[in-house]
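To start, the structure itself, in structure tokens.
All values derive from a computational prediction rather than experimental measurement.
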Amino acid sequence: MSRQPRPEGAGRCASLEWAMHPSSDALPAAAAPQAAANPLLRNLNPEQRAAVTLAPRHALILAGAGSGKTRVLTTRIAWLITTGQVSPGGVLAVTFTNKAAREMLARPSAMLPVPVRGMWVGTFHGLCNRFLRIHWKRAALPQGFQILDAQDQQAAVKRVVKAMNLDEERYPPKQVAWFIAGEKEEGRRPKDVEVRDEHARRLVEVYQAYEDQCQREGVVDFAELLLRSYELMRDDALLREHYQRRFAHILVDEFQDTNRLQYRWLKMFAGPGSATFAVGDDDQSIYAFRGAQVGNMADFEREFAVGTVIKLEQNYRSTSNVLDAANALISHNVRRLGKNLRTDAGAGQPVRVMEATSDFAEAQWFVDEAKQLHRDGTPLAEIAVLYRSNAQSRVIESALFNAGIAYRVYGGLRFFERAEIKHALAYLRLIENADDDTSFLRVVNFPARGIGARTIEQLQDAARASATSLHASADALAGKAGANLRAFGALLAAMRAASAGLTLREIIEHVVEASGLADYYRTEKEGQDRLENLAELVNAAEAFVTQEGFGRDPADDAEEVLSPLAAFLAHAALEAGDNQANAGADAIQLMTVHSAKGLEFDCVFVTGLEEGLFPHENSLESRDGLEEERRLMYVAITRARKRLYLSFSQTRMLHGHTRYAIRSRFFDELPEHALRWITPKGQRSAYREAWGRAGVAAAAAGPSPEPSFRRGEAAHGIRTGRNVFHDKFGEGVVVTLEGSGSDARAQVNFGRHGMKWLALAVAKLTPVE
DNA sequence: TCGGTTCAGAGTATT
DNA sequence: TCTGAACCGA
């Protein structure tokens, strides 16, 4: 044993040095004695065991893909509790997704003989909701405050922009909502935003008006949940001390995905006596675009004076060919904490690489390959197709559909986002809170009850004038329109009265009928599905009440108990539900690389590996952007257990045009020994040979491209789809030809050098082939 | 108020 | 090419 555990408060340089060391011989020795005794620690490797049994102090666990991260996290919780180091009530465990949160609750419960009640396990938002439900008074919120999802938020912003008479062209609600969420996630209120120009000043005004509106209506958006809790902790010393004392152990999953506000939030809960156990992987940081700061890992080490960094590098998922590919690829990133995956699984199958002539052909090839795998015994559900962007799923779907193979696409509308569900929820929310204008506007005329756009405009004017909600202003309108409005108000009042004393299930059943929603969908041609969804909503509510007991815990000493309806509405906003029925069926899995994170499959196909698509063109300008794309590719590769296929296509239908593509630069970063090119001979493009280590000019004579590429014939022997060589930019593909004679120009995709327009009279372009 | 037409835009996404 | 949103006529 070469090293002893680091004493408390040891300097951070030392810890960094630790991080850079091969870890197995550098583990804290403290783990060893108890290890044999406790069954929890059986089957853990030395690094995992070290992490699980770490003494109570801040620690950073660098957990590589497939290294048993969740296992370490959950076993640690169980370990802390069984060894009596903490009671369940002293544990705070945070994740990003509900799925991960459920796991983090379920697995320790299974390991422990004692109930884990009192433990705070959940998503950042879920925990903030819990926190604010308890301290709603101090947070200046109504007890039954409602949560706006992204859709609702955008609608609310739109209303503000309209009310302020701003040009919706210059202030698109989507972007304004994005701006507001971004500022909140940086912890900034309107007064804190730095204003440089007129446009920014206006944006801040909108932000302020939006805040006022939310406060008036008693609603909060997602970012507000975080910010409001953070501020309350920051400003209320008693409260802060209470929670800091309570949570002796804070565990964070996917730490590399935290944004600035989440990091500060964590810091606020970590008191002098708490130990923060942060688990993450900088190589899998793929959410910078939504505010994630990988830098939080370094900040954490510094600001928490982290004494222990443990690297989990033993991979239990993939064979070494797959890992060699992953390791080699990611080594091209400069900004890394440094980590290398290893496995005992043996070399396994080589990574197969396929070059297709078109996106259509690529999809067809995939289908044939998948059929073969299935025939050889792979369940369909163990075959996944990954792509960079959602639009790519279409051609694959249609190929699968034509072949009659079951498949499942991830993403898309989730249960609680469906229109009919949102409508029903809007009625329910109005029962809870009549001032919720977002919900009011959603259903005031749905089903139609003679309240048109003009009426609503008048109503909004009246509401603005009296600074009240729409519902409170209904009396101000005269005539037939006013009568209709008051009838709607009476309907809501009747629903509210009727729901008193009913169970949640009965309330929803009543509302679905009384609102006219059920009748509306019964007469609709395609309303059957929607009716079924509404019935499913009733079931979901029922399940929520029985299973969750709506999340109350006596230990939380909430000031008053929330009604089941309000709790269910919060649940609906925080957990959008599944996006697909029959999730368990045996079907091929289609998803973006982003949504594949955290999953694993026997066979993985990564498709569309073309310059401009993967890496995506929008991220090529900056090094950070490109490195994130590379991490994304790393995530894609490390999803595979046994077989990995990488494919790209010479042409791809994009935005209605055929685009000529160059294979992704990532191929050049993969080790040749782990790859096997399976492209049929006659199908390889010239640059395929040319692009390798030998340099560009010595292109092997390739076969001619598909006949369809021969269109667009032009002078100079250059034509669309042809591979050409340029002295400065190297190999490229002609994408477009324009003009004629001395005006002739060609648009050429030079891959890593980007898309260029070149005048054929000037530029020296030599056809390659 | 509805339904058809026109137009812009098209990356990744959890809560 | 396809989608969703805005717009216009009946």
Side-chain angles (χ1 to χ4, degrees), chain A residues 94-101 122-130 147-155 158 168-169 172-175 178 181 184-185 220-227 229 253-254 257-259 261-262 265 285-292 359-360 386-395 397-398 410-414 416-417 419 445-456 484 570-577 579 591-598 608 612-620 625 628-629 631-633 635-636 652-659:
Chain A
V94 199
T95 65
F96 279 86
T97 66
N98 290 299
K99 194 176 155 218
T123 62
F124 278 101
H125 295 87
L127 293 171
C128 287
N129 178 53
R130 188 168 181 174
I147 299 163
L148 300 183
D149 66 15
Q151 243 178 73
D152 298 331
Q153 192 204 5
Q154 208 178 300
K158 192 169 179 172
E168 279 189 52
E169 299 262 297
K174 208 180 230 156
Q175 281 176 35
W178 179 263
K184 287 188 181 184
E185 280 164 9
V220 299
D221 59 39
F222 286 134
E224 185 71 25
L225 286 169
L226 258 304
L227 185 51
S229 332
D253 190 18
E254 305 280 16
D257 288 341
T258 51
N259 64 34
L261 179 56
Q262 286 158 342
W265 185 95
S285 160
I286 54 172
Y287 284 113
F289 70 92
R290 69 173 197 213
D359 48 350
F360 181 82
L386 310 187
Y387 35 80
R388 175 65 236 266
S389 67
N390 285 305
Q392 291 167 249
S393 76
R394 167 168 274 126
V395 60
E397 280 186 72
S398 85
Y410 280 63
L413 263 198
R414 318 265 290 273
F416 285 113
E417 291 165 356
N445 198 38
F446 192 95
R449 43 177 77 88
I451 302 173
R454 237 196 22 255
T455 308
I456 290 170
N484 286 343
H571 165 81
L574 289 172
E575 181 152 13
N579 48 29
M591 66 193 83
T592 63
V593 181
H594 279 93
S595 36
K597 190 174 160 211
L613 197 58
F614 200 175
H616 197 276
E617 53 199 347
N618 294 358
S619 38
L620 294 182
E628 177 139 325
E629 294 288 304
R631 291 192 292 269
L632 196 53
M633 181 68 186
V635 167
R652 183 169 298 275
M653 202 56 142
L654 210 63
H655 307 334
H657 295 286
T658 301
R659 208 161 93 159

Over all strands shown, is A/A448 touching base, sugar-phosphate only, or nothing at heavy-atom distances under 4.0 angstrom? sugar-phosphate

Hey, is CZ on A/F360 packed in by over 12 heavy atoms from elsewhere, all under 6.0 Å? no

Let me know, please, whether A/G450 or A/H125 comes out on the 5' side of the other along DNA chain B by nearest nucleotide. A/G450

Side chain of A/R290 only, heavy atoms from C-beta on: which candidate in B/dG11, B/dT15, B/dA13 is closest? B/dA13

Considering only heavy atoms and no angle criterion, is a donor-acceptor pair shorter than 3.5 Å present between the side chain of A/Q392 and the base of B/dG11? no

The side chain of A/R394 is closest to which nucleotide in this list: B/dA13, C/dC2, C/dT1? C/dC2

For the pair made of CE in A/M591 and C1' in B/dT12, what is the distance, rounded to whole Å? 14 Å

Any A/V635 side-chain heavy atom under 4.5 Å of A/I286 side chain: yes

Pick base, sugar-phosphate or nothing for A/N445, based on heavy-atom distances below 4.0 Å to the nucleic acid. sugar-phosphate

Consider the side chain of A/T592, meaning its heavy atoms from C-beta on, and name the nucleotide among B/dA13, B/dG11, B/dT15 that approaches it most closely. B/dA13

What's the gap between B/dG11 and C/dA6 when it is taken at their C1' atoms, as a whole Å value? 24 Å

Tell me what A/F289 touches on the nucleic acid: a base, only sugar-phosphate, or nothing, going by heavy atoms under 4.0 Å. base

